[in-house]
Every structure is written in structure tokens, then in C-alpha cells.
Engineer: 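Pasting a structure here, questions to come.
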Amino acid sequence: MDAFMALICPNSPSVWDGNRTSECFDNMVLGFGVNAATLVMIFVVGITQRSAGRSWTVNMQEKFFLHYFPAIGACLSFLDLALILNKALHGDFIVHHKWFLRCSQFAVWTTILFFSKSANYRYIFCNLILCFWWIVRPLLGIFNLLATCSSFETLRCLKESSIVLLDIIFGISINIIRIKRSPSKSSSLEESLLSTDMDLEEGCLKNSGNTQSYWDLMTFKSITSVMNCGAKKQLDFEDLLQFPADMEPSSCYNALLSCWEDQQISNISNPSLFRAICCAYGWPYVRLGFLKVLNDCIGFAGPLLLNKLIRFLQQGSGNLDGYVLAISLGLTSVLKSFFDTQYTFHLSNLKLKMRSSIMIVIYRKCLCISLAERSKFSEGEIQTFMSIDADRTVNLCNSFHDMWSLPLQIGVALCLLYTQVRFAFVSGIAITILLIPVNKWISELIASATEKMMKQKDERIRKTGEVLTYIRTLKMYGWELLFSSRLMGTRSSEVKHLTTRKYLDAWCVFFWATTPTLFSLFTFGLFTLTGHPLDAATVFTCLALFNTLISPLNSFPWVINGLIDAIISTRRLSRFLSCSEFKPRLEQTADSPSLSFLNEQSEATSKDAAIAMRDACCAWSNSDEKEWNMVLNHVTLNLPKGCFVAVIGEVGSGKSSLLNSILGEMRLLHGSIQSSGSIAYVPQVPWILSGTIRDNILFGENYDPRRYSDTLQACTLDVDVSLMVGGDMAYIGEKGVNISGGQRARLALARAIYHGSDIFMLDDILSAVDAQVAQWILHNAILGPLMKQHTRVLCTHNVQAISSADLVVEMEKGHVKWVGSSADLSVSSYSAFSPQNECDTYLHMQRQEGSMATNNEIEQDILLEKDAAHVSEEAQKIIETELRKEGSVELDVYKNYAAFSGWLITVVICLSAILMQASRNGNDLWLSFWVDTTTGSSQTEYSTSFYLVILFIFCMINSFLTLVRAFSFAFGGLQAAVKVHDTLLYKLINAPVQFFDQTPGGRILNRFSSDLYTIDDSLPFILNILLANFVGLLGIAIVLSYVQVLFLLLLLPFWYIYSKLQFFYRSTSRELRRLDSVSRSPIYASFTETLDGSSTIRGFKSEDFFLATFARHVALYQQTSYTELTASLWLSLRLQLLAAVIISFIALMAVIGSHGGLPVSFGTPGLVGLALSYAAPIVSLLGSFLTSFTETEKEMVSVERTLQYMDIPQEELHGSQSLNPDWPCRGLIEFKKVTLRYMPSLPAALCDITFTIGEGMQVGIIGRTGAGKSSVLNALFRLTPICGGCILVDRINIADVPVRDLRSHFSVVPQSPFLFDGSIRDNLDPFRVNEDFKIWKVLEKCHVKDEVEAAGGLDVCIKEAGMSFSVGQRQLLCLARALLKSTKVLCLDECTANIDTQTASAIQNAISTECRGVTVITIAHRISMVVNVDNILILDNGILVEQGNPQALLQDEFSRFSGFAKASTM
């Protein structure tokens, strides 16, 4: 064996030569061994592989890589062999291990050429094992290359580099071809490979497919057309790139959902979203890691080549090595730029896939989780999942690779430092190690602060959503300031934690930014103190390595913070996604025998029943709650198929809960519930989509003109639609803001009818419409041909509907009190307030008048209410298109942000940054002076300690200025964040109601969530980077101009090209960022809308339709982001190539100057070394500068968007007339020729109306749906300014009164009951001016005392807008709130619409007794609510058509009021 080793390695140790592995070991193991293994694998695969499958057409690129590329490799290897043979023939001794290495290299390439000519070569080179081996093979070759390059033989190093590069490119090529040519039915592993890397060859345009060359893909040429377009005009969504097929959001979603479901099965107790993401995207992500390793390794070629170049210049050799090194330095930069951009491109594509899949999975969960289970989370928290947590989770992609990549870069840099300064670098390492526990402690504090901040952010977004949803009601109450102060309190808590985080971040920045400076001080200090002389090559190679260290060292704290944020977000999302899902047909085995008091129903067979409930107990509680408040208690019920069932009962008896339990929205604690067939659901508060009337009715179904027309007629919507500009294509705003309450109810009913489901669940739909419309709907819709054969379950207080029902179910406190036919209703106590003779009267009248007359009357009278006029020309868009600015972000935006931060702090930040860079440049110039004065002929008598003291002073100044910059930036960012939020909130609170009617809440909420998060967090961060990059570039330009005068010649053309590039890019990037913001808004608006209507969507089984719609929104967002990414990398690549030219220029000038070929002297070796070390970071710094500049401009769009809402119209808050605290003391109200329009171009909602309401009078206002009843209150409360006439209250013109004072002196009960999150006491008496005794007394008079006591008293917390109370109970609580206020004017807007007749009668009596001497204005559909008032006002189309005493008008059979009374059942 020894003899054999001596033969193979005669002049070299077999393994170790004392410092490193021996040349023999490198050649035999890492060279010959690897080549031999490759040959064996090729032969084995080639012999065993059989041709199969379809034919394969080879394009030019594939032919080049599979045929010509191996030929190049074989030629190079043969040339190498020829050179060795030539040496041997001339008598030189060639050691055997070199022969083995060169022959094996030639054999590998020759074998590849041989097999590439075979018929089944596709299956050989696309073999998974061989493809993987060819990724590992170049990595092993790099060790051999490093050993070769450690010598000073430049040409040999270049030759070995070419061979390794050949291996790398061939390995990447066959992997790309394999992925591209993979059959569709591949293994799951191959599918995952395909999913990530498909875009390598498919490129940017889906429709371009394989037409793009590899060069186009590498240089991002596909974006050029978009950028040309962006330079000429404002971009639209049609101009964007098409993303590759594998980035389709639906396919990404399916992949992640499948992995999440597997995770739920395998880990039931604690499923992890992180593991599911790893399952879906893990292997593609790992493959990107190989590219990352290669990219990082190439980054260290620069400092090594720099070292050799400076040593060459010091030696003054006249050979060509200097030129080779100079050109290699530039080529390395070029290669690095291509690897860098490709890695970023594919990583970002993976992030886009992850983001789209996470967003759709969250959305799907919201569709699939019941209301009871969803109560674990507030609405604000769920919105944060989508807006913030999804993005933070996606940032895992960056953080995980950086977690190993940054330490690797640091480790390699330290190894290279060791070769320069030996163990002196340990002193620098000591500083780094000492900072590790400090940074770990800071990171833990940051994590804690972030978690607390996120909780407060959730709460703030929830409260903001609450304010935006109920802004009209808040303005009527005059509570805007109260709610804004509550919101400000939450914001203060959020800012407190944000402040902690920002100052801790500042410490992180300080520690890591000063580390390289301290590193150089301690390293050079120890190196010189141990007796080693400093020379230019050592110093500037070390400086280049220090610069290489800066990026990973500075990035590390941000990576840790990002990782912490991502882990927190994945845990939050895992908790949400692991909630139990909605089950359409609940079926649970009863634990005890069902009750037997309903024998007839219990004996009915399930197959004949549309709905069967057996001893069902339900609660509005989620699965985490151990105690629950039973809402439905032991309910047993059978509802036959095809019957009409009326569910009756007092307020809070459980009618709506019964429907929700059948729908599966409540938690079934005991018993079973079954339903057969499809369900259509119309909730008590109708859910209306943002979109056209047709969209709302079709709800994803196909358009059938005949059925559609019949549906409109049955719901009396045909006349409404005909009066709208645009007809049924008229746009309905968010939550139906631009149509009346009655129209919303009829639209929701039309949706249910059009769907034609087996079971109709209708929750009190008749209460929102007047008596005649209710009569029409009952007989032509519910009892009409479209619904006749279906099961109909109607919760109602309408006596006509009850008398027409086949079956009546009476509820009482969660129990079924009585079940029977309407004919037997007298046996129930309900008959006390639904006399049978009244039904007979109605039926007789109906026969007399006939349905035709009613129809004609309705067609004449039903008109749109005020807001219908909000629809514009061209399908009348009330919802204004989101404003999108053009051109660059204006200078005023930057000035405004600086003003928000504070001008003084802005000046301090700029000065500290400039001085910090100056001190750093001074530090480097001092080092240059040091090496020049201690080496060569110009040595001086200064001591080493003198140089070290000056270096120490520079270091301390730099550290201090870094600290000042970091903390001043944190302070300025916080100041801006606070002022932007406060100003934005103030402006929105003072905006008129029309602004909120015309602007979707999701759009406003986007400003308070995503845009404000940008201003809070990412904008200060990117601004900090921009400033650092700018002063860094400025410092480099000044130093290079000082050191190399010829650099000034390059500066002008360079700046010209640079400015052209950045202008070409910025004009497009701005537009793309704005499109990005605009495309993001529909996602959040749709998400918010879906949260409100999820129960309706589930009821209709329309989850798939809404999921597909949301996926389209996400796809548009994905497309914008993909185009934006490609554009930024297009720029980055060109900038880095430009920087490579600068490096080559400076290096070549230095080599030419050393040969004396230039008239200008380049000074000392120290200055030349300084110039070269400063030229190296230009590559990253130039790209980073423009990237940070464009990113800043993009982030500034968030400031621009918030500034848009700081410039919205404001209400006239001030007035010339001051009020007494007891105003109005009489309650006299006079309307004099009042005209009101909602928009100048639209018809008047109130037309020149004049009337007087005497002091202490009770007045009723009635009229058809859309007659203008609510407009009277809008005018009185100045929600909409009147455009003619005047309104006097106690002889004072209300236009002269401060608007908030005016509203606070009136009491109101709104049409939509409003309860906010807080205690019942706060809801009733938010200013805490009443004692408990008085509150309980009013609650008793409003018939809601028992319910409040059952809920837990006045201090019990109301959540989610009072969902635990029925709509009727919420209206009673709002009435109690109004009575507690004790003002002289009380306005009731349909406050008893959702209350049973008995309670309504009691409420009417309470108002009569409690409100003696109070002026009461009642808007009502129930005639029974206004028959006993002092005066009646009847409106029609905004005109006062009749007024008088109701009793007198009843006597006049020709009066309109008499007609209303006849059509009503009182």
C-alpha cells in the first residue's frame, strides 16, 4: 500500500501537508474520485434506461446544452491533456495523480457526448439521481479550485475556474430541462420540483411559453414592453405581465389546503401551518438554497481577486497577470449579478405562491366556520390575519435561508480574514460574540413588544371598523368624539409597544452597524501590536472583507425579528385555521330521550319532514368555552315538506336562533337537527353585496330572463329597477348604503326566490316594508307560484302572514311553547294580540279590491328613497372609483412626512448620517496613510500607538453618530406614525355622511391597516436604508475622485446612463405600486363583506362561487406583484452590470498606471488599494440605493393615500348661535320650504316641504318605501345639508348651531340598532350621568330588563355588535338609551319594526307616558304605531301630500291615511 501511495503521490503527502489537504488528495479524491463516480452513474443509467413515451422535439437551447456544451468541455479537457503530454515529451516529470485527474475529466465529457447521440439520452440526463448528483459535483470541485487559487498562478486559476463553471452551468441546464420536460403524471416529489422551477423556462409571459430564449429569461426582457408603456402613459391592469401557470392562485391554494388537511389528520390536537407550508413548498425552497450557496460563495471571489491584484501592483511585475486579474474582477461581478437576480426572482415567485395560497385558505376558513365558532376571534383580529399575518408568514422564505446563509457568509469571511491577519481577527470575533447574548435579549424583548402591539392593532382595527360601519348612527348621537377617544386610547397602547420595539430596533442597528468599525480597530490594533507590519494588500483585503461582513451583520437582527414575527403569525393563523368547521347537516346522537309534549311532531317520519329537530339544545358559544348560555333548550320539532311555517314569539324568544340552529351556525350541545334539500336564507338584517342589482340576485347562478323577471315582479322590485339609471345594472354600494331598508329586504328575498331552493328561511322580512308592499310580497312571493311548492319558514309578527301559515310555531325563552295551525291559534296567548276577525276583514277586503288594483297602486307609489339617487350616469356608480395619482410621488408628500416627523429631527437625522459617513471615510483614509508611511521608502518616525489612537478616535466618533442616527430615526418615525393616524382619524370623523356612503369601508380600513402599518413600521426602516445608501455612495464618489482623477471622466457618462435607467424604471414602478394598492383594496373589501354575510353564503351553499371570486381578486393582486418584481429585478441586473464596468475600469487603470502607461500618477499603493476596495461595494450599493429609493417611493404611496383622506370635505362644525344647556326647552320644530338633494345633479329627496310640529306633540311620518321619510331626519340632524329653505327648532335656525351641539340635544332611535363592544351600562349611558336605579327603571319600561338580568347585568360585556341579543332586543336597548337621554325632541326611525305586536304596543304606551311634554317624531310602517299620535305627515316622492289628526283622517275614506289603514292589519 505504501509503495502504491509513493507511486501515486511521490512529492506530496497523501492527505495533509500541514496547513491544508494535499494536492494529491485533492486530485485523487475530489477530482478523479468524483469523475469516476460520475462515469459509473452515467453508464449504469445509460444501460438500464429504456426509451419510452412520446417523442421529444429539441429546441436550440437544449441542443446547445446537451450536445455542444459537452463538446466544449471535452475540448478544454483535451487541451489540458495535450499540455501535460507536451511537458512530458520535453522531459518534465508529471506526477501520476495529475494524469488520473486530466484523463478522468476528458473521459466524463467524452462519455456525455457519446450518450447524447443515443436515442434514449433524454431519459439518461433527466434521471432524478443524475440531476441531483450534478448539483453536488460542482460543490466538491470548488474545494479543488480553492487549493489551486491559493497559489499565485493566475492563468492556472482561471483555467480551473472555467472547468468548475462548466460543471455548474451543465448541472443547472440538465435540471432545468428535466423540470421542463417532466411528464404530467409525475411523482409528488417531481410535482413539487415542477411547481417552483417551472418559471425558469416559462419566464414571465404565460402566453409566450417557450418562445423566450434563456438570455431573455436571464435578463428579464419580457418586462420591457410594460416599461415602454409605463414611460408613455398611466398603466392599467391590462398592461401587466401574465404570471406563469404554476403561480395560478387556485392551484397554489389547493396544494397548501391539501397539506393543511393532512396536518390536521396527523396532528389533531395541535396542527401546524408551518409544517403544512413546508409540505407544500419545502422541497422547492430547499432547491433554491443550493443556488443561494453558490451565490454567496461567488461573493467572496471579489476580495480574493482584490488581494492578488494589490499584491501584483505592489510587486510591479510587467506580465499580463494584472490585466487578467482586473478583467476577472469585473467578470466575477457580472456573474454574481446574474446569480443574485435569479435567486431573488425565484424566491419572490415562491413567496407570491405562498401569499396567495395563505390568503385564500384564510378566506375559505371564514366561509366554512360557523358564527358560534368564529366568536373566538374579534372581527378586527380576523382582518389582521389577512392584512398583516399572511404577509409576515410569507417572510419566512427570506428569514429561513438567511438564518444559515448569513452565518455562512460571516464564517467564510472570518476564514479569509485568518489568512490575512492570522489570529489577530480573534479580537474582532470577541466583540461579535459579546454582542450575541445582548442581541438575543433584545430580540426577546422585541418579540414580546410585537405580540402585545399586534393585539392592540387587532383591537384598533376592530374599533375602526365599528366606527366606519356605524358612522351615520354615531353622528346622529353626536358620539364621534367619544368613539374617536376610545380609538385613540387603543392606538396609544399600540404606539407604546411600537415605541418599545422601535427603540430596541435602534439598539440593534447601533450594535450591528458599529461592529465592522470596532472589528477593524481591534483586528489591526492587535495585528500591529504583535509585531506584524501592515501593508496595502492586507489592509484593503481586510477592509473588503469587513464590507462583506456589514450586510450579513446588519441584516441579522432584522432576520431574527422577521423570523419571530413570522413564527408568531403562523401560530395565530394555525389557531384560527384549526377551528372546527361548519357542517351543513348537523346530526348528533341524543344523550337523553327527547321530550314528549309534542307527540304528533315526534311521531312524524324523518323522510316526510323538511326539518327535524330532536331534543336540540343550542348555544352561541365556541368549542373553547366550558360554560355556555343555552339559547335553545330541548327543542323538538318536525316541519313537513312543502308547508308554510310561521315562527312567532316575543322579542328574544329565540326565533332567529331557531333558524340559525337549522343553518348550523350555532353550537349543538345536545340532540340532533336534520334538514333535507337545499336552503335559501334571508337574514333579519339583509346582507347586500357591493355590485349590481343583478349580481345580488343571481348570486353566482346562471341568468334566466323569464325567472329573473318573475322574481323581480314577485318582490315588487320591477318598478324600483325601472326607475334606476342603468336598470338592474345599477351599482349598489357597500351594505346597500344607497338603497332603502325596504329595498334591501326585497333584494335579499329576490335572491332567495331566484335560487329556488327546497327550503326558504326568512327572518322577519316583512317588518322592513310598508303594509301594502308586505301584503303584495306575502301573496305573490311567499304564497305565490315561485315558492308555493317549497318549505317556507318565516319568523314574523305580521298577522296576515300568521293567518296564512299552514303551521304556526310559537317560541318562548328558547322553548317551543306551542305548535299548531293558524285556525287553532286562539288556544295560544298569542291570539290576544292577533284577533281572527281582523284577518277576516283583510281577506274580505283583498277579495274586493283584487290583486290588480294593489299592483297598480304599488307601481304608482313605490319610488326609490334618497340614496337611490346616488347612482351616477353609466350605471350610476355611487361608489367612487378609488383615486389613483399619476406620475412621481410629489415633493409635497415628502415634505408632509418630514413635517409629521418634525423638521428639527429631520435635520438631526441628515446631519448625523453625513457626519457618520465622513467619520467612516476618514477612518479608511487614515488606514491608507498608515500603510503608506510605515512601508517602503517613505517610512516616518510615528509610533504604532499614535496611529491606533487616531483610529480609535475615528471609531468612537463613528459609533456615537451611528447611535444618534438610529435613535433620531426611531423617534422621527414614531412622531410621524402618531400624527398621521391622529390627523387621518380627525379628518374622517369630521367628514360628512355622504363621503362614507360613496366610499367602501374596506377602502378606508385599508388606510388604517395596511397603509398605516407601512407608515408605522416599514417606511422608517426603508428610509433609514435609503439615507445610509445615499451618504455611502456620496462618500465613495468623493474618495474615488480624490484617489483616481480619471474616475471623474467616467462619472459624467455613468451618471447619464444611471439617471436614464432610473427614470425609465421609476415611471413604471410608481404606477405598479399604485396598481398594487388599488388591487389590494378589493381583497380586503371583499373579505370584510364576506365576514358580514358568511351565514347567508353558507345558507345558499355559495362558498365555491365566493371562493372563486376572491381567487380572482388575489390573482389580479398576484399579477401586479409579479410585474412589479420583474421590473425591479430588470433594473437591479442592469445596475449591477453598470457597477461591474466601474470596477473593471478602476482596476485596469490601476494596472496600466503601474506600468507607467498613463501621464497621471495614481499615488501610493495605499491610495490605489483604497480605490479598489471602495470600487468593490459599488455593485451592491448602487443596486441597493435605487432599490431603496424606489421602495421608499413605493412606501410613500401609503403616505400619499392617507393624505388623500386628509383632504376630504369636512362638515360645518362651527356655528354662530350658542345654545343653552337645556335647549330645546319647548320642542317646537318648523320646516319652511325645505328642499334636500343628496347630489346636485339628482332629483330632490325633499321637495319644498313646509310643516310645523308643535311643542310636546307626537307626530308620525309614513309613506311608501323611498318616499323620503328618513330624509326628514337627515335634514333635522344636518346629516345632509339642505339646499333650500330653513329648519327652526324653538325659533332658532339649526344651520346657525354648531352641528355636534345640535345632535347632542336630540334623542334618536335609528332604524338599524347600534350596540358597540363594551358593557351594557356604557352602551346605555356612555357618559355615566345616570344612576343604576334610573337605568333599570327605563329598561323595565322598555320590556328588556329580564333579558339584561339574564345576560349578567349592566356590567356584562357586549361583543360583536350585540350578536348575543336578538335584533328586537337591540332595538329596545337603543330605545332605552334614547329615553335615558331625556331631551325635548325624540326621533324614532322604525324602532319597533323587529318587535312583536304585543311588545310594540307596550312600548308605545311607555313612550306616551314617559315622553309627556316631549316632541316625538315617529317614522313607521306599522299603522298601529301612529294611530294614536297627535298629527300624521304622509310623504310621497319627497312631497308632503297629506297631514292631519290620524283619527280625523281615518274618518275620511278618501284620505291617503285611510287607504294605508285599510291595507294594514294594524
Side-chain angles (χ1 to χ4, degrees), residues 477 619-620 627-633 648-657 684 764 767 797 810-815 817 829-830 832-833 1307-1310 1312-1383 1386 1388 1390-1412 1414 1416 1418 1425:
Y477 282 132
W620 286 110
E627 296 180 7
W628 48 76
N629 183 20
M630 206 84 76
V631 178
L632 291 181
N633 211 339
I648 63 176
E650 295 183 0
V651 171
S653 59
K655 301 184 296 298
S656 297
S657 295
Q684 195 166 10
D764 205 13
S767 63
H797 304 298
E810 185 179 353
M811 300 293 296
E812 184 179 65
K813 296 182 179 178
H815 295 86
K817 182 181 178 184
S829 60
Y830 205 85
F833 49 92
S1307 295
V1308 65
V1309 181
S1312 299
F1314 165 56
L1315 296 177
F1316 56 87
D1317 280 24
S1319 68
I1320 292 177
R1321 186 195 311 279
D1322 288 338
N1323 268 276
L1324 297 176
D1325 186 21
F1327 297 103
R1328 300 288 180 110
V1329 294
N1330 294 295
E1331 295 179 357
D1332 285 7
F1333 171 75
K1334 187 176 180 182
I1335 295 173
W1336 283 115
K1337 189 176 178 183
V1338 169
L1339 288 173
E1340 188 175 13
K1341 288 175 180 174
C1342 292
H1343 295 263
V1344 78
K1345 180 182 177 183
D1346 292 344
E1347 285 78 4
V1348 172
E1349 284 177 336
L1354 296 177
D1355 293 318
V1356 74
C1357 192
I1358 291 175
K1359 290 183 180 179
E1360 295 297 327
M1363 285 299 291
S1364 54
F1365 291 99
S1366 70
V1367 176
Q1369 288 169 336
R1370 279 178 260 165
Q1371 281 186 323
L1372 293 178
L1373 286 169
C1374 290
L1375 178 62
R1377 178 195 292 155
L1379 294 178
L1380 274 172
K1381 198 172 179 182
S1382 301
T1383 60
L1386 172 62
L1388 309 175
E1390 279 298 330
C1391 74
T1392 58
N1394 299 104
I1395 299 171
D1396 61 88
T1397 316
Q1398 192 177 34
T1399 307
S1401 177
I1403 293 299
Q1404 188 181 0
N1405 294 333
I1407 291 170
S1408 300
T1409 55
E1410 285 293 308
C1411 300
R1412 287 197 182 96
V1414 174
V1416 180
T1418 304
M1425 285 301 296

Engineer: Hey, could you give me the OG1/CG distance between Thr1418 and Leu1386, rounded to the nearest 0.5 Å?
Structural biologist: 7.0 Å
Engineer: Using the test side chain to side chain donor-acceptor pair (under 3.5 Å), find all partners of Ser1319 that sit at least two apart in sequence or belong to another chain.
Structural biologist: Asp1322
Engineer: Can you measure from CD (Glu1347) to CD (Glu1349) and round to the nearest 0.5 angstrom?
Structural biologist: 9.5 Å
Engineer: I need the single residue from Leu1315, Asp1317, Leu1373 that forms a side-chain contact (heavy atoms from CB on, under 4.5 Å) with Asn1323. Which is it?
Structural biologist: Leu1315
Engineer: CD/Glu1331 to NZ/Lys1337 distance, rounded to the nearest 0.5 angstrom?
Structural biologist: 12.0 Å
Engineer: Return the minimal non-hydrogen interatomic distance between Leu1324 and Ala1376, and the atom names on each side.
Structural biologist: CD2-CB, 4.1 Å
Engineer: If every non-hydrogen atom of Lys655 is compared with every non-hydrogen atom of Gly649, which pair is closest and at what distance?
Structural biologist: NZ-O, 3.2 Å
Engineer: Could you walk me through whether Phe1316 and Ile1358 pass the side-chain contact (heavy atoms from CB on, under 4.5 Å) test, one step at a time?
Structural biologist: CA-CA 7 Å; Phe1316 56 87; Ile1358 291 175; over 6 Å; no
Engineer: Could you pull out the closest heavy-atom pair between Leu1375 and Val1309, with the gap in Å?
Structural biologist: CA-CG2, 3.7 Å
Engineer: Please test Arg1377 against Cys1374 for side-chain contact (heavy atoms from CB on, under 4.5 Å), starting from the C-alpha separation and ending with a verdict.
Structural biologist: CA-CA 5 Å; Arg1377 178 195 292 155; Cys1374 290; 3.8 Å; yes
Engineer: Rounded to the nearest 0.5 Å, what separation is found between the SG atom of Cys1342 and the CD1 atom of Ile1407?
Structural biologist: 7.5 Å
Engineer: Give the minimum heavy-atom separation between Cys1411 and Leu1379, together with the two atoms involved.
Structural biologist: SG-CD2, 3.7 Å
Engineer: Looking only at heavy atoms, what is the nearest atom pair of Thr1383 and Val1414, with distance?
Structural biologist: O-CG1, 3.5 Å
Engineer: Working to the nearest 0.5 Å, report the span between CZ of Arg1321 and CD1 of Ile1335.
Structural biologist: 5.5 Å
Engineer: State the CG-CG distance between Asn1330 and Asp1325, to the nearest 0.5 angstrom.
Structural biologist: 4.5 Å
Engineer: If you look at every heavy atom in Lys1345 and Trp1336, which pair is closest and at what distance?
Structural biologist: CG-CE3, 3.7 Å
